[in-house]
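What follows is a set of notes on a single structure, which appears directly below.
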Amino acid sequence: MAVKVKLGNGNARYDANAPRGSRARRPFWKRALLLIVTLTLVAGIIGAITFSYYYHQYERIVDDRLAAGPLFVSTSQIYAAPREVRPGQHFTVAEIGQDLRKAGYNVNPRMGTYQLSGDSISVKPGPASFHSPDGATITDDGTSITKITADNGVELRTYELEPQLITGLSEDKNRTKRRLITYSQIPKVLVQAVTAIEDRRFFEHGGVNFYRLAGCAFEDAMSGKKECGGSTLTMQLARGFFLSPKKDIGRKLREIMITLQLESRFSKEQIFEMYANQINLGQRGSFAINGFGEASQAYFGKDVTRLNVAEAAMLAGLIQRPNYFNPFRHPERTLERRNLVLKSMVDTGALTQARSEIAQGEPLHLVPQNIDANEAPYFVDLVHDQLNYRLGDTTQSGTLRIYTSLDPDLQKAASEAVEAGMRQVDEEVRRLHHGEANFPMPQVSLVALNPHTGQVLALVGGRNYGQSQLNHATSKRPTGSIFKPFVYATAEMDTVRGQQLGGSVDDEGNQSGGGLFTAVTPLSDVPTTFTYDNGRSTYTPRNFKGSFHGTVTAIYALAHSLNNATVSLGQQVGFENVAALGRASGIANAKGTPAVALGAYDATPLDMAGAYTVFANGGVHINPWMLKAVRNDKADIVADFTPEASQVMDPKAAYLTQSLLEGVMNFGYGVAVRQKGFRAPAAGKTGTSHDAWFAAYSSNLLCVVWVGNDDYTDIKLTGAVAAAPIWAEFMNRAAKLPQYSDMQAFTAPDGITQVKLDKTTNLLADETCPNDYMAAFLEGTQPQSTCSRMGGGSGNLGDVLGSFSGVGGGSSSPDGTATGNGAGNAATDGNAGDGQERKHRNFFQKLFGSGDHKNDSPPPDSPPQ
């Protein structure tokens with residue numbers, strides 16, 4: 001029978017036996033709700049499965065990345081030479097404290113500690129120091145060092161401070177530079193600046209700021225651009241380590257997945273530390289600046305721990321668009337962006353309004369944009385190459401501490417001198433090429449050594465490392481006249497050994513030379529064709545502007561860089577002997593031909609700097625060196641390097657050659673440096689071929705400057721005009737540094753005598769001959785008669801002809817006046833060699849234009865006394 005059930009108020013009934021299609025249906029909203037719940041559950045399950053899949057997939061990616069090694073490459077660090085402190089040096093204990101703190105003392109106790117107390121500082125090197133654990137106490141009087149005492153109470157003459165970090169080797173082919181820092185080293189104000197402008201809720205959210213992300217998505221959709229992004233610091237870090245820079249929805253989702261992985265593994269402080277080391281903050285030269293540690297040095301020249309509010313805000317402002325806000329190129333944009341960060345820091349409560357306004361009023365305080373001065377990139381590249389050659393792949397295994405020869409103060413002086421000097425060279429070049437188009441602008445190199453140790457103290461390999469990484473300090477070029485001293489040195493060596501010059505006959509049949517060689521030995525400077533290669537080849541040099549001077553003294557010939565006189569001397573001593581001395585001095589390509597006397601063969605500026613150590617160092621040649629030692633991160637010795645040295649000349653011969661080079665500086669073409677204000681005792685030589693050279697040294701510093709065109713075209717400027725002023729600019733700056741301020745007169749070895757000669761007669765000067773000059777002689781070879789006997793006629797003919805012990809023929813004074821038996825060959829300024837018929841053009845004539853080696857521009861009419 002049928003059963004009826006009454007429900008509720010009786011308005012709705014359910015009949016179990018009623019036909020299926022006649023039952024009452026659920027309301028629509030209930031069915032819709034049920035569907036939504038069901039779909040949501042299904043979507044949630046699918047989403048959870050998908051999320052779990054991708055989460056674990058990216059977990060493996062992150063695991064693999066972390067398992068591969070540290071997130072950042074541990075690059076080797078390049079350190080400068082230790083600074084030497086001496087009593088009497090203009091240096092204070094406060095400055096020493098700053099120097100030590102910069103080197104890590106009191107910041108890293110393993111490096112060392114120091115304690116300032118009034119007018120003294122106590123220095124205690126740590127186990128990670130380059131030095132032995134011996135400490136010292138240094139005292140000053142407010143301006144200079146007065147005393148240095150070792151820990152055991154012994155008074156010291158010198159003490160070396162901890163070497164300063166120059167830079168790290170770049171990490172990869174992209175030339176990335178970074179200085180790793182820890183979270184504890186990051187100043188609080190920098191953390192506040194970064195979070196204020198980039199991610200204000202960084203320390204609160206779980207890695208993804210969904211509210212901000214949604215807002216940016218809407219903003220990008222409305223604008224049609226992809227500029228907002230909404231990424232948190234963790235998301236930026238995830239993108240930088242794992243993803244490409246391409247912007248799309250898929251990348252954003254992957255970014256979120258990696259972000260969640262990072263947030264689950266690391267604390268906020270660890271994430272910020274990784275971010276602070278990873279973030280790109282611009283470009284400097286050819287190097288990418290990554291991380292706040294490197295950026296602080298690149299832009300402000302200081303450690304990140306010392307950043308102030310304005311500096312921290314500037315670095316934080318660069319994060320968004322580092323190239324657009326480049327402070328060196330767009331300072332107005334940088335200031336505007338920095339001030340926006342400072343205002344944002346007020347909004348977050350990090351700064352008061354007053355403090356923010358003070359910081360907004362500060363200038364940028366950028367260090368000069370001279371990467372050569374601050375990081376010596378050409379020098380560092382050479383060090384890197386030498387490490388690869390000597391130690392192989394060990395340079396990439398962990399962090400090595402590479403201790404070098406570089407003096408940062410002198411490197412700065414070198415870079416500034418090159419920058420200033422090349423502005424003048426450019427003006428000269430533009431003047432010469434007036435009206436011409438597409439003429440080359442010259443390049444430059446400067447190498448500075450300690451002449452007694454071979455230590456490379458400063459090196460500039462080009463005018464702008466960012467534009468060209470070609471190192472001109474190691475590029476081979478014809479040396480020109482800076483090679484000529486080796487001709488005269490060969491003759492001096494023969495004299496010391498007691499060997500006499502063989503003499504020579506010029507085209508007019510005049511005899512010159514013979515006897516022992518001295519500063520006043522007569523040399524023939526007349527048009528001459530020299531034969532070599534068993535008479536099969538000829539060489540016909542000419543002087544500057546084709547002028548010739550007849551018979552001249554050796555000291556005059558070198559001071560005025562006379563080509564024919566020098567080649568004539570080279571013939572007398574033997575061209576192969578000259579070349580052999582050049583090779584022993586590091587000029588490997590020198591060959592025994594007449595052209596060798598004029599520097600026809602190639603050498604690098606670094607080679608020539610090493611070659612001149614022979615004259616400056618008592619005849620000892622020292623190979624220039626840059627690497628001193630290599631340590632690992634535990635301060636264990638990996639390698640120590642010893643300079644290579646060899647005695648190639650007798651000390652007396654070296655000093656006699658040096659004396660001739662002093663004449664170049666005082667009354668020859670080197671007088672250009674005197675006109676630039678450099679007054680210290682010095683010896684050197686100008687050089688001009690297609691390039692301009694100047695090589696010279698003081699008692700404590702040797703410097704070689706080269707200027708020329710990369711395409712080997714003629715620079716059309718002499719060494720005296722292009723290179724010598726840069727040398728003078730550098731040496732004037734160096735002389736102001738405490739460690740190079742004590743430039744002294746050169747000290748002669750035993751067996752050398754210094755005499756005062758009359759300029760007119762080249763005889764011993766007395767009170768009747770006030771116009772005189774100093775010259776050095778091997779004892780027993782100096783003139784014996786005085787100028788008064790010669791000039792007054794009181795002497796006899798034997799006195800006159802025998803006035804030079806071991807010297808035959810006549811001579812001429814430093815101003816070119818001919819005297820003695822050679823008076824008949826007095827100088828003429830005609831173009832004596834221009835119309836001369838020449839034999840077949842040999843290899844050297846083809847290469848150097850008929851053997852025409854230009855000389856240097858003439859010195860002043862009145863040479864300095």
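Position 1 is the first residue of the sequence, and the numbers go up from there.
For R430 and F439, the positive end is not near the middle of the six-membered ring at less than 6.0 Å and at most 45° from its axis.
Residues F746 and Y655 keep their aromatic ring centres 6.0 Å or farther apart. Centroid-to-centroid, the aromatic rings of F678 and W727 come within less than 6.0 Å.
Not one N or O on the side chain of W693 forms a donor-acceptor pair closer than 3.5 Å with the backbone of T718.
Side-chain contact between F694 and V707 is absent, with no heavy-atom pair separated by less than 4.5 Å. Residues P594 and V567 are in side-chain contact: their nearest non-hydrogen atoms beyond the backbone lie under 4.5 Å apart. Side-chain contact between Y465 and D381: present, with at least one pair of heavy atoms (C-beta onward) separated by less than 4.5 Å.
With Y488 as reference, T566 is the one residue of T566, T657, T521 to meet the side-chain hydrogen bond (donor to acceptor under 3.5 Å, both in side chains) rule.
Side-chain contact, D710 with H472: a donor N or O sits under 3.5 Å from an acceptor N or O.
The aromatic rings of Y612 and F615 sit perpendicular, their planes meeting at an angle over 60°, well past the 30° parallel limit.
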Practice item. Take L717 and V425 through the side-chain contact (heavy atoms from CB on, under 4.5 Å) test and state the conclusion after the steps. Key: CA-CA 9 Å; L717 295 175; V425 171; 4.1 Å; yes
Exercise for review: Test side-chain hydrogen bond (donor to acceptor under 3.5 Å, both in side chains) on S481 and Y669 and set out the steps.
Suggested key: CA-CA 11 Å; S481 294; Y669 293 128; over 6 Å; no
